[in-house]
There are 2 protein chains.
Amino acid sequence: MDLTEKVVGSEQLYDGAIINLERQTVILPNGERAHREIVHHSGAVGVLAITADNKVILVKQWRAPVEKATLEIPAGKLDERDADDPSHTASRELNEEIRLHATQLKRITGFYSSVGFSDEYMTLYLATGLEPVDKELPRDFGENLNVQAYDLETLKAMIAAGEIEDAKTIMAIWYFELMQLQK
Amino acid sequence: MDLTEKVVGSEQLYDGAIINLERQTVILPNGERAHREIVHHSGAVGVLAITADNKVILVKQWRAPVEKATLEIPAGKLDERDADDPSHTASRELNEEIRLHATQLKRITGFYSSVGFSDEYMTLYLATGLEPVDKELPRDFGENLNVQAYDLETLKAMIAAGEIEDAKTIMAIWYFELMQLQK
């Protein structure tokens with residue numbers, strides 16, 4: 001079955017700092033007309049950072065959309081300079097958020113965060129061989145956070161208790177669990 | 001460290017079919033002023049549906065934000081009627097998208113899809129004991145899709161090849177893999 005939708009109209013509704021909003025008019029495969037709301041985002045990275053004693057580093061920060069602080073793996077919006085190699089953004093975020101440098105940084109996978117309404121694509125990295133950074137990069141304006149490392153059993157309990165409820169972070173923890181089981 | 005941001009202003013920029021867009025003015029813990037762009041979404045469900053021969057059912061559908069068809073677990077926007085129990089939406093989506101009824105439907109976990117800019121919360125379910133539905137519910141307007149089941153090795157190869165690049169679907173497949181390893 002042909003699933004292709006054809007874009008026949010586009011309206012830019014908002015051009016913001018982090019996101020842009022577009023409303024498209026499309027023709028469906030059956031010839032009918034519909035509208036699609038699209039949140040454009042430049043992309044992001046997330047980093048599963050594992051310490052020498054096999055713990056996962058999480059950062060706690062305020063998230064305006066949910067009006068609370070959430071526990072997440074280090075992550076950040078893709079820097080324009082890094083479009084060809086998101087690992088540079090990953091390295092910078094590790095420095096800015098947790099003040100560590102990864103001697104090994106490996107791409108795990110990549111994915112659209114919420115493909116129904118957004119084109120945000122996140123690349124997930126595995127960071128090991130962590131060392132203190134030589135030079136601390138400045139944090140983003142308004143970026144306030146707490147940093148802590150947790151072992152797998154604690155992380156699983158925190159997911160079960162609803163204390164971790166961020167998609168990329170739960171993904172990273174399940175991947176970490178798969179790493180343990182396949183050792 | 002206190003991470004709380006205080007909202008001192010709010011502007012509704014867009015009120016759409018699937019999403020609303022708000023721009024907040026906030027006071028950071030250090031007293032500085034900043035802006036936050038927030039995409040409001042009513043929430044969603046995703047379903048890891050496992051067949052009797054241990055395959056995962058995926059649907060292929062056109063996704064306007066990425067201008068291509070993507071392979072995903074059955075999923076859908078939370079129905080207002082189901083705010084108290086998203087499993088009802090999960091059951092309806094299984095009927096609408098794959099024409100099956102789950103005799104067992106269990107909540108796996110829940111998470112924010114992209115908490116940096118959106119409040120979309122997704123509940124992930126595990127559906128087993130699948131049976132053909134008695135009565136097919138009508139599909140959403142503009143919902144065109146292909147349905148197929150895949151075994152774990154094929155799914156892992158598809159993630160590695162970039163043929164599956166949807167966050168909730170990769171999550172569900174890793175959870176499925178954890179289920180196999182812990183059997």
Side-chain angles (χ1 to χ4, degrees), chain A residues 1 3-5 13-14 16-19 21 23-24 26 28-30 32 34-39 41 44 60-66 69-70 72 77 109-122 141-142 144-146 159 162 165-168 170-171 174-175 177-178 181-182, chain B residues 1 3-5 13-14 16-19 21 23-24 26 28-30 32 34-39 41 44 60-66 69-70 72 77 109-122 141-142 144-146 159 162 165-168 170-171 174-175 177-178 181-182:
Chain A
M1 177 171 37
L3 301 168
T4 310
E5 296 178 3
L13 298 177
Y14 178 69
I18 307 291
I19 55 172
L21 179 60
R23 185 164 183 269
Q24 291 183 345
V26 301
L28 304 177
N30 68 0
E32 283 177 329
H35 295 288
R36 301 293 184 208
E37 297 160 348
I38 302 172
V39 175
H41 185 285
K60 190 167 198 169
Q61 65 186 308
W62 190 261
R63 290 301 201 177
V66 296
T70 56
E72 302 174 37
K77 195 166 84 80
T109 191
F111 46 82
Y112 296 105
S113 306
S114 192
V115 75
F117 67 83
S118 176
D119 63 1
E120 184 195 19
Y121 183 87
M122 175 171 279
F141 172 72
N144 300 294
L145 38 83
N146 294 333
I159 294 174
E165 45 184 1
D166 171 59
K168 63 183 175 297
I170 297 177
M171 284 183 85
W174 287 352
Y175 184 85
E177 188 172 2
L178 284 171
L181 290 169
Q182 291 168 328
Chain B
M1 179 170 40
L3 301 169
T4 309
E5 297 178 2
L13 299 177
Y14 178 70
I18 307 291
I19 55 173
L21 179 60
R23 187 164 181 270
Q24 290 182 348
V26 301
L28 304 178
N30 68 358
E32 286 177 327
H35 295 288
R36 301 293 184 207
E37 298 161 346
I38 302 171
V39 175
H41 186 285
K60 190 167 198 168
Q61 65 187 307
W62 191 261
R63 290 301 202 175
V66 295
T70 57
E72 302 173 36
K77 195 166 83 80
T109 190
F111 46 82
Y112 295 105
S113 306
S114 193
V115 74
F117 67 83
S118 175
D119 63 0
E120 184 195 17
Y121 184 88
M122 175 171 281
F141 173 71
N144 301 295
L145 39 84
N146 294 333
I159 293 174
E165 45 185 359
D166 171 59
K168 65 183 174 294
I170 296 177
M171 283 183 85
W174 287 352
Y175 185 85
E177 188 173 0
L178 284 172
L181 290 169
Q182 291 168 327

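Note on naming: letters A, B, ... go to the chains in the order of the sequence lines (proteins, then strands), and numbering restarts at 1 for each one.
- From B:Leu178, atom CG reaches atom CG of A:Leu178 across 4.0 Å, with rounding to the nearest 0.5 Å.
- Using a 4.5 Å cut-off between heavy atoms, B:Leu21 touches chain A through its side chain atoms alone.
- With a 4.5 angstrom heavy-atom cutoff, B:Leu13 touches chain A only via side-chain atoms.
- For chain A, the nearby part of B:Thr70 is the side chain; its heavy atoms alone come within less than 4.5 Å.
- Proximity to chain A (any heavy atom under 4.5 Å) is shown, for B:Ala64, by both the backbone and the side chain.
- Every ring pair (Phe, Tyr, Trp, His ring centres under 6.0 Å) that A:Trp174 has, sequence neighbours left out, goes to B:Tyr175.
- Of the two parts of A:Ala44, neither the backbone nor the side chain holds a non-hydrogen atom closer than 4.5 Å to a non-hydrogen atom of chain B.
- Once rounded to the nearest 0.5 Å, the distance linking CZ of B:Arg63 with CG of A:Asp119 reads 13.0 Å.
- Taken to the nearest 0.5 Å, the CE atom of A:Met122 stands 14.5 Å off from the CD atom of B:Glu165.
- Only the side chain of B:Glu120 has a heavy atom closer than 4.5 Å to any heavy atom of chain A.
- Here the CD atom belonging to A:Glu37 is positioned 5.0 Å from the CD1 atom belonging to B:Ile19, to the nearest 0.5 angstrom.
- Looking at every heavy atom in both residues, A:Phe117 comes nearest to B:Pro65 through C-CG, 3.7 Å.
- Of the two parts of A:Leu181, only the side chain, counted from C-beta on, holds a non-hydrogen atom closer than 4.5 Å to a non-hydrogen atom of chain B.
- Across all their heavy atoms, A:Val66 and B:Tyr112 have their closest contact at CG1-CE2, 3.3 Å.
- Of the residues considered (B:Ala69, B:Gly162, B:Gly16), B:Gly16 shows the highest number of contacts with chain A, using heavy-atom pairs under 4.5 Å.
- A:Gln24 touches chain B through its side chain: at least one heavy atom from C-beta onward sits under 4.5 Å away, while N, CA, C and O do not.
- Within the 4.5 angstrom heavy-atom criterion, atoms from both the backbone and the side chain of B:Lys60 approach chain A.
- A:Thr109 pairs by the side-chain hydrogen bond (donor to acceptor under 3.5 Å, both in side chains) definition with nothing, not counting sequence neighbours.
- No part of A:Val26 comes within reach of chain B, as not one of its non-hydrogen atoms sits under 4.5 angstrom from that chain.
- For the atom pair A:Tyr14 OH and B:Arg23 CZ, the distance stands at 4.5 Å (nearest 0.5 Å).
- Top candidate by heavy-atom pairs under 4.5 Å with chain A, chosen from B:Ala17, B:Pro29, B:Gly110, is B:Ala17.
- Here the closest non-hydrogen pair linking B:Phe111 and A:Asp166 is CB-C, 4.0 Å.
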